[in-house]
Number of protein chains: 2
Amino acid sequence: MNATVQHALRDAILGRDLPPGASVTETAVASRYGIARQTARLAIERLVADGLLRRAPHQAARVPELDAQDIRDVFDSRAVVEQAAIERLAQAGSIPAEALAAHREPRALAEDAPFARIDATFHRALVAGQPNARLARMHELLMGEIELCIAQVQAGRVLLPAEIGAQHQAILDAVTAGDAALAGRLAREHVHGARDRLLNQTTH
Amino acid sequence: MNATVQHALRDAILGRDLPPGASVTETAVASRYGIARQTARLAIERLVADGLLRRAPHQAARVPELDAQDIRDVFDSRAVVEQAAIERLAQAGSIPAEALAAHREPRALAEDAPFARIDATFHRALVAGQPNARLARMHELLMGEIELCIAQVQAGRVLLPAEIGAQHQAILDAVTAGDAALAGRLAREHVHGARDRLLNQTTH
DNA sequence: GATGCGCAGATTGTTTGACAATCCAAGCGA
DNA sequence: TCGCTTGGATTGTCAAACAATCTGCGCATC
C-alpha cells in the first residue's frame, strides 16, 4: 500500500501536479490517499531520500525549486557516476535487455509517456546492468532529481528524440565493441550535453 | 531521542558488538533502548539506508556480511566519487577546517577512537568541503559500508597512520596548489591502496 | 510607524496499543 | 523422503494521543 502511494506522489511531483515550492504535509497526504499519517510520513521520508522532496525538522516537506546551480550539480554528479558505470558495462561487454527495449521501441513502452521518461528508463537500465551495485545505487539516488530538473524546465520539447537516439546508439556500439574509454567518454559528453541544453532553457 | 539510538546502534554494528549476520529486530531494539517499536523501526530504516543493515520485506534486518566482491564494489565506487570530489576541491583551492583538524591532531580528536574512524572523518570532511552537494551525499552513502568493511576485516592494525598520513599530506598539498588532476589521481590511488590492503587481509 | 512579545494554530516527532500480512521452521502424515 | 499444515515470530499498517517546535498574526510598547 505504501509503495503505491509513494509512486502516486512521485508522479504528482514529476507531473507538476504538485508545483515547485508546494508544501506536502503528512496529514494532507494521509487524507488524500486514505492512509494513516504514519504511512504518509514514511512515503514522504522515502521521497526526501530520493531528492524529490526536501524538508527541515518540524517543517512541512516541500517540492524543491531547482535553480541553475542545482542543475549543474546534479548533472555533473551524474556524469561522473554514469561515465564510470558505462566503462564497467563496456568491460563486461553485454547490454541489458531493458536498455535495448527502451532504445529500440520508445513508442511501445508507453504512448503517453514523455520522451524524458523513456530516456531515463534507458539510462537507468544501462547503469543497473553494470556489475557494481553501489554505482547503481548512487545513480538511482540522482535520477529522481534529474527527472525533476527536466520536468521543471519543461524540457520535453528540447529533447530531440532523433539526436539523443543517435547518441545512445553510439554509446551502445562502443559498449558492444568493448571500448570502455570511448563508451565512458561518450556517456559523459551525452550527459553534459543534456545539462547544457537545460541550462540554456533556464537562462533564456 | 531517535538520533541517539541510531548512533548507538551504529556504534554497536561498527564495534562488532553486533557481529556480521546478526539479526536486528524492531522489538529487540525497542526494548534494548527503551523506545517504542515505531521509533526503533525508524532507526533501523535509516541504518538500512546507510548500508549498515540490510533487510528484505517481512524479514528482520541483518548486519551484512561483506565479502571480497563487496569490498571491491564499495571501494571502487568510493574511488570514483572521491576522485571527482577532490578534483573539485582543488579547483576551489581551500581545505575545510575539519579536514585539517583530523589530519593534524588525530590523537586530540579521540584517544580511544581507532585510527580508521579518524581516517573516515578526514575523508568525509574533505568531500563535504567541496561545492557539489550531490557528490557529498553519494559519498556519505558509501562511507557507512566503508567503515563496515574496515571493521569487519579488523584492519585497524593494517592501517599504518604514518604512511596514510603522508598520503593525506600529499593530497592536501596538491589541493592547495590547485592541481586538480594530481589531487584527483592521488585520491584515487589512495583509495585503491586501502582497497588492496583490505583484500590482502581477507584472502590471507 | 517600527519593533519586540506572546499567543494560537499548524506541523512534526514520538509513544502506546492493536491487528493483519507475511515469513520461517518444526512437526506431522502420506 | 517429501510435501503440507500449523504455530510462532516479525514486519506492515492503522488509530489516537500528547509533547516539541515552527510560523504568522495581533498587540503592546517605544
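In what follows, chains are A, B, ... by sequence order, proteins preceding strands, each numbered from 1.
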With sequence neighbours left out, what residues match [X] under salt bridge (charged side-chain N to carboxylate O under 4.0 Å, His left out)?
{"X": "R134(B)", "value": "D70(A), D73(A), E145(A)"}
{"X": "R188(A)", "value": "none"}
{"X": "R88(B)", "value": "none"}
{"X": "E65(A)", "value": "none"}

Checklist entry - What are the two closest heavy atoms between A116(B) and I150(B), and how far apart are they? => result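 Minimum heavy-atom contact is CB-CG2, 3.7 Å.
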Using whole Å, report how far [atom1] of [X] lies from [atom2] of [N].
{"X": "E45(B)", "N": "dT13(D)", "atom1": "CD", "atom2": "C1'", "value": "12 Å"}
{"X": "E26(A)", "N": "dG13(C)", "atom1": "CD", "atom2": "C1'", "value": "8 Å"}
{"X": "Q6(B)", "N": "dT14(C)", "atom1": "CD", "atom2": "P", "value": "10 Å"}
{"X": "Y33(B)", "N": "dT14(C)", "atom1": "OH", "atom2": "P", "value": "16 Å"}
{"X": "I35(B)", "N": "dA19(D)", "atom1": "CD1", "atom2": "P", "value": "20 Å"}

Checklist entry - Would you say R37(B) reaches dT16(C)'s phosphate, i.e. side-chain N/O to OP1/OP2 under 4.0 Å? => result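 Checking R37(B) against dT16(C): no side-chain N or O falls below 4.0 Å of OP1 or OP2.
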Next on the checklist: Counting Watson-Crick and G-U wobble pairs with both distances under 3.5 Å, what is the dot-bracket string for DNA chain D, 5' to 3', using [ ] for crossing pairs and | for pairs to another strand?
Outcome noted: ||||||||||||||||||||||||||||||
Item to check | With sequence neighbours excluded, residues passing ring pair (Phe, Tyr, Trp, His ring centres under 6.0 Å) with F122(A) | outcome: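 Partners of F122(A) by the ring pair (Phe, Tyr, Trp, His ring centres under 6.0 Å) criterion, ordered by chain and then number, come out as H103(A), H168(A).
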Item to check | Listed partners of E189(A) passing side-chain hydrogen bond (donor to acceptor under 3.5 Å, both in side chains), at least two apart | outcome: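 side-chain hydrogen bond (donor to acceptor under 3.5 Å, both in side chains) list for E189(A), sorted by chain: R185(A).
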Checklist entry - Can you name the residues that form a side-chain hydrogen bond (donor to acceptor under 3.5 Å, both in side chains) with Q167(B), not counting sequence neighbours? => result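 side-chain hydrogen bond (donor to acceptor under 3.5 Å, both in side chains) check on Q167(B) returns H190(B).
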Item to check | 5' priority, DNA chain D, between S23(B) and A36(A) [closest heavy atom] | outcome: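 In this pair, the answer is S23(B).
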Checklist entry - Measuring from T202(A):OG1 to D67(A):CG, what's the distance to the nearest 0.5 Å? => result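 Reported to 0.5 Å precision, the distance equals 9.0 Å.
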Checklist entry - When you measure from every atom of DNA chain D, which of residues 47-65 of chain A have a heavy atom less than 4.0 Å away? => result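 When residues 47-65 of chain A is checked for heavy atoms under 4.0 Å from DNA chain D, the hits, listed by number, are H58(A), Q59(A).
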Next on the checklist: Taking any heavy-atom pair under 4.0 Å as a contact, classify Q38(A): base, sugar-phosphate, or nothing.
Outcome noted: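 Touches a base.
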